[in-house]
Number of protein chains: 4
Amino acid sequence: MSVEDRRVKRLPREVREKQILDAAVQVFSEHGYHNASMDEVSEVAGVSKPMIYAYLGSKEDLFAACIRREANLLMEAIVGGVDQNQPADMQLWMGLRSFFEFVAANKPSWRVLHRQAISQGGPFSEELVAMRSRAINLVDALLFRSATRHGVEEQHATKSTEAMAAALVGGGESMADWWLDHPEVPTRVVASWLMNLVWMGFGDLVEGTVWQPTP
Amino acid sequence: MSVEDRRVKRLPREVREKQILDAAVQVFSEHGYHNASMDEVSEVAGVSKPMIYAYLGSKEDLFAACIRREANLLMEAIVGGVDQNQPADMQLWMGLRSFFEFVAANKPSWRVLHRQAISQGGPFSEELVAMRSRAINLVDALLFRSATRHGVEEQHATKSTEAMAAALVGGGESMADWWLDHPEVPTRVVASWLMNLVWMGFGDLVEGTVWQPTP
Amino acid sequence: MSVEDRRVKRLPREVREKQILDAAVQVFSEHGYHNASMDEVSEVAGVSKPMIYAYLGSKEDLFAACIRREANLLMEAIVGGVDQNQPADMQLWMGLRSFFEFVAANKPSWRVLHRQAISQGGPFSEELVAMRSRAINLVDALLFRSATRHGVEEQHATKSTEAMAAALVGGGESMADWWLDHPEVPTRVVASWLMNLVWMGFGDLVEGTVWQPTP
Amino acid sequence: MSVEDRRVKRLPREVREKQILDAAVQVFSEHGYHNASMDEVSEVAGVSKPMIYAYLGSKEDLFAACIRREANLLMEAIVGGVDQNQPADMQLWMGLRSFFEFVAANKPSWRVLHRQAISQGGPFSEELVAMRSRAINLVDALLFRSATRHGVEEQHATKSTEAMAAALVGGGESMADWWLDHPEVPTRVVASWLMNLVWMGFGDLVEGTVWQPTP
DNA sequence: TATGAATGAGCTTTCATTCAT
DNA sequence: TATGAATGAAAGCTCATTCAT
């Protein structure tokens with residue numbers, strides 16, 4: 001019996017669950033949530049449909065499980081890449097690098113997270129919005145701490161840093177998307193562009209150098 | 001036949017098409033592309049399904065038509081809000097303001113464009129990517145002109161400004177989304193945050209003030 | 001085009017609904033609720049499944065509609081066969097005859113009502129129990145009126161006549177079932193057996209002739 | 001291994017079979033034949049599914065085994081409650097009492113027998129009809145003996161007593177059902193109602209007091 | 001032009017049943 | 001003996017799409 005046997009039998013539950021989730025991420029990332037069929041997932045996973053339902057539940061459940069797993073992996077990658085003892089700018093920089101590296105190494109995961117999850121209402125957005133919030137909060141904390149440390153009033157800082165964090169996260173997502181079509185650019189470079197854009201602009205703002213429309 | 005009849009007959013094609021597209025945008029924005037049914041579109045439009053197929057083609061065609069129309073409206077709003085004779089920063093500023101105002105005034109359109117269109121593969125991404133490209137190019141042109149004018153080498157500027165433009169557009173989209181949940185913040189303020197973030201950071205970059213990781 | 005064309009096209013809704021209900025009664029009576037498949041119903045009806053769902057709703061709804069229709073037909077047959085101006089015994093007699101005649105003429109209806117409906121919990125039992133109640137009440141009213149007229153105390157009569165009515169209805173159902181296997185016996189005769197059994201025994205009871213266990 | 005282990009291993013076949021049948025009766029009575037799943041039976045029984053198949057065969061077989069067992073219990077209860085040396089009326093009376101007492105003491109059994117078994121075609125009706133026949137024959141024998149003893153011609157008695165026995169059994173079933181919703185009425189009372197209804201009416205019939213429609 | 005009537009095709013989900021250990 | 005792991009097969013339901021009028 002070859003080691004490569006596509007259809008291995010009687011595996012423990014854990015292993016099968018991983019197989020299924022892997023297949024699901026792949027299929028969802030290729031066709032999108034709605035166009036993906038459970039048949040294809042089962043085929044790719046090398047597992048019959050009833051097993052999927054027995055282990056992971058409905059299609060919705062399966063998709064949610066994918067999102068949860070991938071979102072956790074992504075956040076772990078980012079947080080794991082950051083040294084909390086470093087200054088704020090270095091933390092942001094390392095976070096960005098980790099983010100782009102994760103995307104580069106896990107394109108299907110990213111597609112599921114970015115494209116599919118957002119567009120499906122209710123049940124999933126919760127999972128997704130939760131992760132997005134974590135990311136935004138992470139960045140927001142950095143910005144906020146940095147801003148107040150430079151003398152900006154707390155009250156004034158609160159909302160603007162949150163919105164900027166949202167913009168940064170969104171900008172990162174957008175750049176990651178752009179990068180999918182320009183893979184020849186090293187992720188390091190892409191990260192540095194975003195870093196510069198955000199950190200310098202933010203620094204200026206904190207120091208009172210503000211752009212204002214000429215009236 | 002009373003003047004009040006909801007279902008008016010024998011209307012010219014243009015009017016019918018508008019009715020249908022309006023209904024489609026509404027329905028797609030509420031339920032998403034896949035969960036939207038042609039039945040509901042026809043019901044909301046007050047037009048029978050065969051008419052929809054006769055005038056706008058398949059569901060895909062209909063969705064594409066929605067995107068095209070809304071994307072054009074959005075781009076027209078942005079371009080129309082910008083005075084090409086103004087300096088680059090003012091153009092960007094007015095563009096941003098117009099963008100956020102459009103979103104505020106056309107939430108369903110925005111939802112269709114931002115959430116639904118992105119997540120559907122192939123057929124639509126073309127329409128959508130086209131519009132996104134127009135937006136990115138618009139911004140890129142501003143940045144590029146400004147960068148080279150300040151002495152940055154063209155070759156070096158090309159990719160970085162494009163990526164930054166992508167980041168700006170993505171950041172704008174993300175902020176627009178954030179704003180949907182914080183409508184009490186005036187769009188003017190949101191626009192100014194993004195403007196500052198981008199323009200100042202970009203200015204520094206152009207002038208050689210660059211953030212670099214401490215090695 | 002032959003008049004006998006199995007698949008006639010573009011019929012008005014009413015006609016299709018009747019076709020579908022007819023087919024459903026037949027199929028449900030043959031295979032039972034659960035073993036009946038919507039595919040077979042659609043095949044027998046000469047109508048595609050989507051029409052069934054469009055017109056009659058889910059399988060449950062369809063079954064409920066069958067029961068409702070057949071139950072009404074049965075009750076109408078019984079009530080229609082009874083002359084309210086006749087004395088109680090004649091009313092009961094005519095009701096019994098009509099009942100057995102209906103069963104003889106509509107065996108599938110009866111199977112659906114008697115065998116299938118009872119065994120399916122909740123949703124249907126309501127429809128069914130409603131009809132059964134009507135039947136029991138009908139009989140109960142006859143018995144009760146007759147009993148009190150003969151001097152039995154109201155309070156005492158209430159429960160016993162209701163229970164007896166239940167027994168009569170159940171006995172009727174049971175006899176109808178028995179008759180399905182002995183169709184050579186005229187329904188008239190079967191009806192007379194039940195009539196005698198019930199009416200005579202009831203009459204004795206009313207007159208105080210009571211059987212009691214010898215202690 | 002603790003004495004308290006729910007799941008005891010290596011039990012003799014008899015015990016396992018009883019466990020399984022008990023569980024099956026419970027589950028079938030709760031959900032009905034079709035809605036009951038083998039999974040639930042195995043869960044309730046505390047026995048894995050393969051064991052069920054090994055011991056009792058398919059779902060149909062299992063159900064048939066339930067019916068057989070419960071039917072036998074019921075018939076044993078009835079027969080065991082009757083003293084064959086008593087006169088016919090007392091035998092009938094004791095039988096009725098035993099019947100209602102069994103129903104009161106074994107509601108799940110009764111539900112399986114009365115509601116579930118009847119509605120499932122072919123395979124089970126045989127088991128069920130067999131028991132029903134035994135009951136009808138039992139009653140029929142009593143009635144027939146009593147009728148011929150009173151001078152009714154055998155030929156004439158044959159069919160009518162059989163049909164009446166069917167009616168009595170059906171009436172009993174129906175009353176048992178009625179009683180499930182009126183448990184405050186003592187079974188003794190219910191039994192006496194049915195006894196009077198049947199015995200008195202039958203007695204009249206035997207003595208030539210016959211109800212006849214006025215022409 | 002306009003539509004009620006109609007369907008092919010496909011999807012998710014469930015279950016009785018059986019391997020392999 | 002006993003079971004966790006696994007599946008073939010089918011059922012209910014929906015939807016985009018098109019006739020026939």
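The shown structure was predicted, so the numbers you read here are calculated from the model rather than taken from an experiment. All values below come from the heavy atoms of this structure, side chains included, with hydrogens, waters and symmetry mates left out. Naming: A, B, ... by sequence-line order, numbering from 1 per chain.
- Between the side chain of B:Lys49 and the base of E:dT3, no donor-acceptor pair under 3.5 Å is found.
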side-chain contact (heavy atoms from CB on, under 4.5 Å) between A:Val27 and A:Glu43: does it pass, once the steps are laid out?
CA-CA 10 Å; A:Val27 172; A:Glu43 212 169 289; over 6 Å; no
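- Protein atom CG of C:Asp39 is 15 Å distant from nucleotide atom P of E:dG10, rounded to whole Å.
- The residue among A:Pro50 and B:Pro50 whose nearest nucleotide of DNA chain E is located toward the 5' end is B:Pro50.
- The side chain of A:Tyr55 contributes an N or O atom lying less than 4.0 Å from OP1 or OP2 of F:dA6.
- Remark on DNA chain F: of its neighbouring residues C:Gly57 and B:Tyr33, the 5'-side contact belongs to C:Gly57, judged by nearest-heavy-atom nucleotide.
- Note that CG of D:Asn106 is 11.0 Å distant from OG of D:Ser29, once rounded to the nearest 0.5 Å.
- Taking the side chain to side chain donor-acceptor pair (under 3.5 Å) definition, one finds that C:Ser37 meets it with nothing, sequence neighbours left out.
- Taking every side-chain heavy atom of C:Arg10 into account, F:dA20 is the closest of F:dA20, E:dA16, E:dT14.
- The CG atom of C:Asn35 sits 19 Å away from the P atom of E:dT14 (whole-angstrom rounding).
- One interatomic measurement links the two molecules: CD1 of C:Ile52 to C1' of F:dT14, which rounds to 14 Å at whole-angstrom precision.
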Test log, rule side-chain contact (heavy atoms from CB on, under 4.5 Å), inputs B:Val41 and B:Val47:
CA-CA 8 Å; B:Val41 173; B:Val47 164; over 6 Å; no
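- Among pairs with a residue in residues 21-36 of chain C, those fulfilling salt bridge (Lys or Arg N to Asp or Glu O under 4.0 Å) read C:Lys18-C:Asp22, C:Asp22-C:Arg69, at least two apart in sequence or across chains.
- Contacts of C:Met38 with the nucleic acid, taken as non-hydrogen atoms under 4.0 Å apart, involve only primed sugar atoms and P, OP1 or OP2.
- Taking 4.0 angstrom as the limit, D:Arg16 places a side-chain polar atom (N or O) nearer than this to OP1 or OP2 of F:dA2.
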Canonical and wobble pairing (Watson-Crick, G-U, under 3.5 Å) of DNA chain E, dot-bracket with |
.||||||||||||||||||||
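- For the pair C:Leu62 CG and F:dG12 P, the computed distance is 10 Å after rounding to whole Å.
- Here the side chain of A:Ser37 is nearest to one of E:dT12, F:dG12, E:dA5, namely E:dT12.
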Apply side chain to side chain donor-acceptor pair (under 3.5 Å) to B:Ser58 and B:Asp61, showing your working.
CA-CA 5 Å; B:Ser58 73; B:Asp61 294 338; 3.3 Å; yes
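- Here the closest non-hydrogen pair linking A:Lys59 and A:Tyr33 is NZ-O, 3.0 Å.
- Summarising the geometry, the separation between CD on C:Glu17 and P on E:dA6 is reported as 11 Å, rounded to the nearest angstrom.
- Minimum atom distance to the side chain of B:Met51 is reached by E:dT3, of the listed F:dC13, E:dT3, F:dG8.
- Between the CG atom in A:Leu56 and the CE atom in A:Met38 there is a gap of 8.0 Å [rounded to 0.5 Å].
- At a threshold of 4.0 angstrom between heavy atoms, the contacts of B:Arg13 with the nucleic acid are absent.
- In this structure, CG of A:Leu56 is placed 15 Å from P of E:dT12, rounded to the nearest angstrom.
- The side chain of C:Tyr53 places no N or O atom within less than 4.0 Å of a non-bridging phosphate oxygen (OP1 or OP2) of F:dT14.
- The interatomic distance linking B:Lys59 (NZ) with F:dT17 (P) rounds to 8 Å, in whole Å.
- Among the nucleotides F:dT7, F:dC13, F:dA2, the one closest to the side chain of D:Ser48 is F:dA2.
- Rounded to whole Å, the distance from NE2 on A:His34 to C1' on F:dA16 is 14 Å.
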